[in-house]
There are 2 protein chains.
Amino acid sequence: MALAEAILVCLTDRPMSGYDLAKTFDASIGFFWRASHQQVYRELARLRERGLVESSEMEQRGKPNRIVHTITKEGYNAVKLWSSKPCRQPSIKDELLVKLYALDTVDTPALTEQLGVRLDQHKEKLQAYYKINERFYEGKNLSKAQKGKLIALTMGISNEQEMIASLEKAIIMLGDINE
Amino acid sequence: MALAEAILVCLTDRPMSGYDLAKTFDASIGFFWRASHQQVYRELARLRERGLVESSEMEQRGKPNRIVHTITKEGYNAVKLWSSKPCRQPSIKDELLVKLYALDTVDTPALTEQLGVRLDQHKEKLQAYYKINERFYEGKNLSKAQKGKLIALTMGISNEQEMIASLEKAIIMLGDINE
DNA sequence: GGCAACATGTAACTTGTTACATGATTCC
DNA sequence: GGAATCATGTAACAAGTTACATGTTGCC
């Protein structure tokens with residue numbers, strides 16, 4: 001049920017269309033909670049039914065019309081209530097670690113390559129985080145909302161750094177085994 | 001579809017009952033892939049249908065009978081095939097970071113407490129990892145299978161260490177904001 | 001002419017969660 | 001007497017994924 005809240009949280013920033021939200025879940029908030037556009041549209045329909053967002057169609061020239069969703073007072077209350085309740089633990093599903101766990105049954109060269117692919121993904125993500133940090137936070141006067149986002153970003157950065165170091169070490173360890 | 005493979009991977013170690021598997025998904029392999037007992041039983045039924053495991057009932061005295069599942073040759077092949085194909089990226093769903101992202105809409109004292117709870121969870125997990133390391137790996141002669149598990153464990157340890165440091169920092173940053 | 005971006009959705013299916021259901025033994 | 005552990009599952013529902021479906025504008 002936290003997709004609902006993640007959407008509401010995005011809408012506290014500004015009213016958005018489903019398309020905007022889908023893009024947001026592919027970047028920014030998507031770093032902490034990922035969702036496809038299909039999920040977003042389905043959840044928006046439910047939020048509208050529950051009165052937590054209001055939707056209005058905006059005409060546009062040269063582009064298809066957008067349906068813009070605005071968080072309601074009840075929506076804000078729902079976010080506040082949710083935020084006061086304990087979090088569930090983040091779900092963990094990592095195929096790469098499961099493959100390491102089964103090392104003697106597994107295709108080792110393929111696995112080594114996959115570790116490399118993953119390493120590159122984390123490097124890219126770290127660079128993306130650095131750019132966001134430079135562009136929006138570094139050396140700026142920040143509102144409370146921005147400070148919260150900066151804390152989340154900081155955690156993201158140190159997590160990526162750690163993952164990169166870990167994977168580099170893992171690749172070396174795996175190489176040693178196959179000598 | 002990777003729950004199937006995670007179960008098969010567990011069964012490469014030794015034949016197990018659904019109950020054993022459910023416990024395994026609550027510890028060891030559960031550190032990388034979590035699943036409830038309901039999911040395990042459902043997936044076992046499918047694996048049996050697909051011929052990837054074979055099941056036989058074992059009578060026990062004083063306890064209910066167990067149904068023990070053994071991985072078949074086809075099961076091993078399925079693991080190998082899966083391992084050679086690229087991994088999907090691990091899913092990310094972290095309510096705590098979403099709450100930080102929405103700091104000005106959120107109940108801040110409650111959030112601070114939740115950060116503390118999460119910090120404790122990671123500390124406990126780290127201790128658990130240390131114990132596993134001591135008991136099974138440190139200063140021992142390791143098979144290839146064990147070396148793979150050790151790599152995964154090493155990654156788990158450094159990830160927990162990083163999370164602990166990050167959360168401690170986040171709690172301080174959040175405290176500074178509310179002064 | 002083709003592809004990317006803009007924009008919204010439906011349908012079918014697979015996974016994951018919550019609740020229910022049963023029943024024996026062992027330990028406190 | 002009650003709780004914990006052992007042991008197996010079903011059913012209903014919620015969430016997530018994959019594939020399908022349509023149509024415009026702007027750029028190369």
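Reminder, nothing fancy here: chain letters follow the sequence lines and each chain counts from 1. All values below were derived from every heavy atom in this structure, side-chain atoms included, with hydrogens, water molecules and symmetry-related copies excluded.
Of the residues near DNA chain C, A/Tyr41 and A/Ser91, the one whose nearest nucleotide (by heavy atom distance) lies more toward the 5' end is A/Tyr41. Nearest-nucleotide assignment on DNA chain D puts the 5′-proximal partner with B/His69, out of A/Ser36 and B/His69. Nearest-nucleotide mapping onto DNA chain D: of B/Arg88 and A/Met1, the residue sitting toward the 5' end is A/Met1.
Taking atom CH2 on B/Trp33 and atom C1' on C/dG16, their separation rounds to 11 Å, with Å as the unit. Taking atom CZ of B/Arg66 as the reference point, atom P of D/dC6 lies 10 Å away to the nearest angstrom. Here D/dG9 presents its P atom at 15 Å from CZ of B/Arg46, a figure rounded to the nearest Å. With rounding to whole Å, A/Lys93 atom NZ is found 11 Å from D/dG16 atom C1'. Going from atom CG of B/Asn65 over to atom C1' of C/dT25 covers 14 Å, rounded to whole Å. With rounding to whole Å, A/Leu44 atom CG is found 9 Å from C/dT8 atom P. Here the P atom of nucleotide D/dA14 and the CD atom of B/Gln39 are 17 Å apart, to the nearest Å. At whole-Å resolution of the value, CZ in B/Arg42 and P in C/dC13 are 16 Å apart.
B/Asp26 pairs by the side-chain contact (heavy atoms from CB on, under 4.5 Å) definition with nothing, not counting sequence neighbours. Not counting sequence neighbours, the partners of A/Ser158 by the side-chain contact (heavy atoms from CB on, under 4.5 Å) test are A/Gln161, B/Glu162, B/Ser166.
Between the base of D/dG16 and the side chain of A/Arg34 there is no donor-acceptor pair shorter than 3.5 Å.
Between the side chain of B/Lys93 and the backbone N or O of A/Trp33 there is no donor-acceptor pair closer than 3.5 Å. Remark: the backbone N or O of A/Cys10 is not paired with any side-chain donor or acceptor of A/Asp13 at under 3.5 angstrom. A/Asp120 places no side-chain N or O within donor-acceptor distance of the main-chain N or O of A/Val117, the cut-off being under 3.5 Å.
Listed by first and then second residue, the side-chain hydrogen bond (donor to acceptor under 3.5 Å, both in side chains) pairs that reach into residues 77-88 of chain B are A/Glu95-B/Trp82, sequence neighbours excluded. Within the structure, the salt bridge (Lys or Arg N to Asp or Glu O under 4.0 Å) test picks out the following pairs touching residues 28-47 of chain A (sequence neighbours left out): A/Glu43-A/Arg46. For residues 98-107 of chain B, no pair satisfies salt bridge (Lys or Arg N to Asp or Glu O under 4.0 Å), with sequence neighbours left out. Applying the ring-ring contact (aromatic ring centres under 6.0 Å, His included) test to pairs two or more places apart or on separate chains, those with a residue in residues 112-153 of chain A are A/Phe31-A/Tyr129.
Under a 4.5 Å side-chain heavy-atom criterion applied to ILVMFWY residues, the cluster that includes B/Tyr19 comprises B/Tyr41 as well. Membership of the apolar cluster around B/Met58 extends to B/Val68, as traced through chained side-chain contacts below 4.5 Å between ILVMFWY residues. The hydrophobic cluster of A/Ile67 has no other members, since no ILVMFWY side-chain heavy atom comes under 4.5 Å of it.
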N/O-N/O pairs, protein side and nucleotides 19-23 of chain C side, under 3.5 Å:
residue	atom	partner	partner atom	Å
C/dA19	N6	B/Gln38	NE2	2.9

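Near DNA chain D, defined here as any heavy-atom distance below 4.0 Å, the residues from residues 9-28 of chain B are B/Ser17, B/Gly18, B/Tyr19, listed numerically.
From one end of the helix from C/dG1-D/dC28 to C/dC28-D/dG1 to the other, with five pairs defining each end axis, the axis direction shifts by 40° (rounded to 10°).
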